[in-house]
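Hydrogens, waters and symmetry mates are skipped; everything else that's a heavy atom, side chains included, is used. Being a predicted model, the structure only gives us computed values, none of them experimental. Both ligands and their constituent atoms are indexed starting at 1 by order of listing. All residue numbers in this chain count up from 1 along the given sequence.
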Amino acid sequence: MRPYDADVSLDLDLRPAPQPLPDAERAAVLADPGFGRYFTDHMATARWTTDDGWHDAAVHPLEPFTLHPAAAVLHYGQEIFEGLKAYRHADGSVWLFRPDKNARRFARSARRLALPMLDEDDFVAAVEAVVRADVAWVPSAADGQETSLYLRPFMIATEAFLGVRPAHEATFGVVASPAGPYFSGGVQGVNLWVTDRYVRASRGGTGDAKTGGNYAASLAAQAEARDRGCDQVLYLDGEEHAWLEEAGTMNVFLVTADGELLTPALGSILEGVTRDSLLELAPDLGLTPVERRIGLAELRERLADGSVTEVFAAGTAAVITPVVGIRGEDRGQGAVYEQQVGDGTPGAASLALRAALLDLQYGRTPDARGWLRRVV
Ligand code: COI
């Protein structure tokens with residue numbers, strides 16, 4: 001048996017925080033949480049070794065880690081993570097959205113990064129235990145605000161060893177952070193820089209795993225986008241630099257004049273939970289979901305002739321972010337092109353899909369597909 005195929009079952013010990021943040025201070029944070037700036041009172045952790053499997057699983061007060069300076073994660077980036085949200089409904093109940101999808105992707109990422117397997121039910125149980133311990137931190141989405149509790153499960157290789165091989169020790173954790181919109185200007189729409197210089201992933205690489213290295217490698221491209229006056233990067237494929245991939249932290253979608261919802265097929269992109277949900281919801285809104293290769297040339301032609309009417313990016317953190325323009329550099333010519341999407345404002349289908357997804361997540365419409373899981 002390979003070390004990362006170990007069987008597990010977490011027995012979570014609950015150690016409540018003796019001094020949670022006072023109510024008034026927490027309320028001040030929840031009034032304007034931003035994204036990823038504040039953390040709740042608790043976290044979950046579990047340790048794993050090849051000899052003992054998973055052990056020391058607990059929900060306990062949030063605290064810093066102690067890591068040996070030679071821990072494998074610090075040198076070779078053996079790390080994976082997830083992102084999902086807990087939503088408070090109008091009656092005060094708290095729900096997760098399709099946590100089983102995150103659990104499955106976490107397991108796939110673990111396999112790709114040669115980290116130990118965590119049972120999918122244990123993943124969900126740990127997330128739920130943190131939500132329960134910190135339920136007071138789940139904002140109420142009163143006044144239509146898109147606030148939620150963002151959950152960040154992760155796993156790192158902790159063994160102190162400088163040889164390159166799967167580590168024999170790892171730690172799983174879940175931290176939680178109250179969240180408002182990911183982009184402050186979000187629903188107003190963002191511009192994407194089509195980078196020709198950087199690629200995010202190649203076939204056989206780690207593009208379809210949620211691992212820190214993919215995000216570290218995106219930072220220079222993100223800086224390039226900012227230098228070019230754009231909010232985010234749009235990546236092309238690693239082989240031909242011709243096919244749309246994703247926007248680094250989000251999947252990309254096009255809406256066509258004849259009612260297709262187009263998105264790049266899976267392969268070297270992340271299999272987003274939001275991506276999958278939108279493809280399933282599309283027919284409810286009269287859109288035909290299509291997953292296929294989409295060329296940059298096709299996008300540019302169809303933006304020009306008006307047969308692509310909308311573009312948006314989608315992910316757990318960013319929900320649906322309309323894209324109002326793309327900019328890039330023509331290969332070999334050095335000239336910058338710039339194209340507006342539609343009339344340069346968020347499109348009707350993007351906003352309708354966004355509303356449909358949020359209505360479902362916040363319990364404002366019936367959950368016909370059984371995607372919501374009640375925690376409290
Ligand atoms: C998410 O959408 O949950 C992500 O993981 C994107 C990001 C904030 C890294």
Side-chain angles (χ1 to χ4, degrees), residues 33-40 77 79-87 95-110 112-113 123-124 126-127 130-131 138 146-156 172-187 190 192 200-201 206-223 225-226 231-235 245-253 263-264 266 269-279 312-323 353-354 357-358 361 371:
F35 184 87
R37 286 191 285 148
Y38 303 99
F39 295 89
T40 61
E79 186 269 357
I80 57 171
F81 71 96
E82 273 300 322
L84 68 164
K85 286 173 173 171
Y87 304 87
W95 304 71
L96 293 170
F97 182 72
R98 308 187 79 185
D100 51 309
K101 297 282 282 180
N102 297 91
R104 199 156 315 137
R105 188 171 64 187
F106 196 65
R108 283 200 306 273
S109 299
R112 181 64 183 85
L113 272 291
F123 173 99
V124 175
V127 169
V130 171
V131 174
V138 185
E146 281 158 34
T147 46
S148 59
L149 184 65
Y150 185 80
L151 284 316
R152 175 50 67 86
F154 61 94
M155 198 192 299
I156 56 174
F172 165 68
V174 183
V175 293
S177 173
Y182 186 72
F183 295 112
S184 39
V187 197
V190 297
L192 298 184
R200 181 184 166 275
T206 57
D208 58 348
K210 205 157 172 67
T211 180
N214 291 343
Y215 296 80
S218 77
L219 299 175
Q222 180 60 27
R226 296 245 181 240
D231 308 278
Q232 280 285 322
V233 183
L234 176 58
Y235 288 101
E245 291 256 307
E246 61 167 69
T249 57
M250 295 171 287
N251 294 116
V252 170
F253 288 82
T263 197
L266 297 176
I269 62 171
L270 197 72
E271 186 174 351
V273 178
T274 307
R275 174 186 180 280
D276 182 80
S277 306
L278 293 176
L279 290 171
F312 65 83
T316 298
V319 195
I320 283 182
T321 301
V323 174
L353 276 166
R354 188 173 204 283
L357 182 65
L358 290 171
Q361 290 169 331
W371 282 348

What protein heavy atom sits nearest atom 8 (C) of ligand 1, and how far away is it? Tyr182 CE1, 3.7 Å
Ignoring hydrogens and geometry beyond distance, is a side-chain donor-acceptor pair present between Arg112 and Thr211 at under 3.5 Å? no
Using heavy atoms and a 4.0 Å limit, tell me yes or no: is Lys210 in contact with ligand 1? yes
The atoms of ligand 1 lying under 4.0 Å from a heavy atom of Gly83, numbered in the order shown, are 3 (O)
Under 4.0 Å between a side-chain nitrogen and a carboxylate oxygen: does that hold for Glu271 and Arg104? no
Identify the closest protein heavy atom to atom 2 (O) of ligand 1: which residue and atom is it, and at what distance? Ala317 N, 2.8 Å
Can we call the ring centroids of Phe172 and Phe106 under 6.0 Å apart? yes
For Asn251 and Thr274, does a side-chain donor sit closer than 3.5 Å to a side-chain acceptor? no
Answer yes or no: is there a donor N or O on one side and an acceptor on the other, between the side chain of Arg152 and the main chain of Val174, under 3.5 Å? no
Have a look at ligand 1 and work out which part of Lys85, if any, has a heavy atom under 4.0 Å from it: side chain, backbone, both or neither. neither
State whether the side chain of Glu79 and the backbone N or O of Gly212 hold a donor-acceptor pair below 3.5 Å, judged by distance alone. yes
Quick one: does Met250 get a heavy atom under 4.0 Å from ligand 1? no
Give a yes or no answer on whether the side chain of Thr147 reaches the backbone of Gly180 with a donor-acceptor pair at less than 3.5 Å. no
Can you list the atoms of ligand 1 that are under 4.0 Å from a heavy atom of Tyr150? 1 (C), 3 (O), 4 (C), 5 (O)
Taking 4.0 angstrom as the limit and counting only heavy atoms of Tyr215, give me the atoms of ligand 1 inside it, by number and element. 9 (C)
Could you say whether the N/O atoms of Thr249 and ligand 1 ever approach to under 3.5 Å? no
